[in-house]
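Reviewing the structure listed below.
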Amino acid sequence: MNIPFVYNLLKAAKITAILSFLGGTFLLIAYFYNAGSIAILYLGIYYALVAVLINSLLVFTLYITLVHSKVKQKKILKSLILMIANVPIGLCYVGAIISYHLP
């Protein structure tokens, strides 16, 4: 496996995981601050769909790289875990939004 490719992939995964988390957190705070704004809800849905698509592609690429690369396997695994850790966080955000609308 090409070493510069692995380093660029690790950097992209880290940046994407952090930006996905921060973007989702910002939208959740904005949603609650604006008393359940429908516009922010729709923006959040579109954001979540795009984030899932991009994160899924990166997780798939990281997994394939982990399987085929003999270089930096621990770092690749850490990046993979970081990417996957966003899933339960996102589910908690969805649960918070759903419980916000329950009586």
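Throughout, numbering of the chain's residues begins at 1 and tracks the sequence. Every value quoted in this text rests on a predicted model; they were computed, and no experiment measured them.
Nearest approach of Pro88 to Ala85, heavy atoms of both residues: CD-O, 3.2 Å. Nearest heavy-atom pair, Val59 versus Leu80, reported as atom, atom and distance to 0.1 Å: O-CD1, 3.6 Å. When all heavy atoms of Ala13 and Met83 are compared, the closest pair comes out as O-SD, 3.2 Å. Pairing each heavy atom of Val71 with each of Ile76, the nearest pair is O-CD1, 3.6 Å.
Summarising the geometry, atom CG belonging to Asn55 is positioned 10.0 Å from atom CG belonging to Leu19; distances are rounded to the nearest 0.5 Å. Rounding to the nearest 0.5 Å places CG of Leu10 at 11.0 Å from CG of Leu82.
Under a 3.5 Å cut-off, the side chain of Tyr42 and the backbone N or O of Ser37 do not form any donor-acceptor pair. The closest donor-acceptor contact from the side chain of Ser69 to the backbone of Leu66 lies at 3.5 Å or more, if one exists at all.
Ile45 is connected to Leu27 through a chain of hydrophobic side-chain contacts under 4.5 Å among Ile, Leu, Val, Met, Phe, Trp and Tyr, so both are in one cluster. Transitive grouping of hydrophobic side chains (ILVMFWY, heavy atoms separated by less than 4.5 Å) keeps Ile97 and Leu91 in distinct clusters. Residue Leu62 is not grouped with residue Ile15 when hydrophobic side chains (ILVMFWY) are merged at heavy-atom distances under 4.5 angstrom, including chains of intermediate members. Linking Ile, Leu, Val, Met, Phe, Trp and Tyr whenever their side-chain heavy atoms come within less than 4.5 Å leaves Tyr46 and Val52 in two separate clusters.
Here side-chain hydrogen bond (donor to acceptor under 3.5 Å, both in side chains) pairs that include residues 79-96, with residues two or more places apart or in two chains, are Thr25-Tyr93.
Counting heavy-atom neighbours within 6.0 Å of Phe26 CZ, excluding the residue itself, gives a total of 12 or less. Annotation: Tyr63, atom OH; neighbour count of heavy atoms from other residues, nucleotides and ligands within 6.0 Å does not exceed 12.
With Asn34 as reference, Ile40 is the one residue of Ile29, Leu41, Ile40 to meet the side-chain contact (heavy atoms from CB on, under 4.5 Å) rule.
Taking the side chain as every heavy atom from C-beta outward, Ile81 and Leu77 approach each other to under 4.5 Å. Looking only at side-chain heavy atoms (C-beta outward), Leu28 and Tyr100 stay at 4.5 Å or farther from each other.
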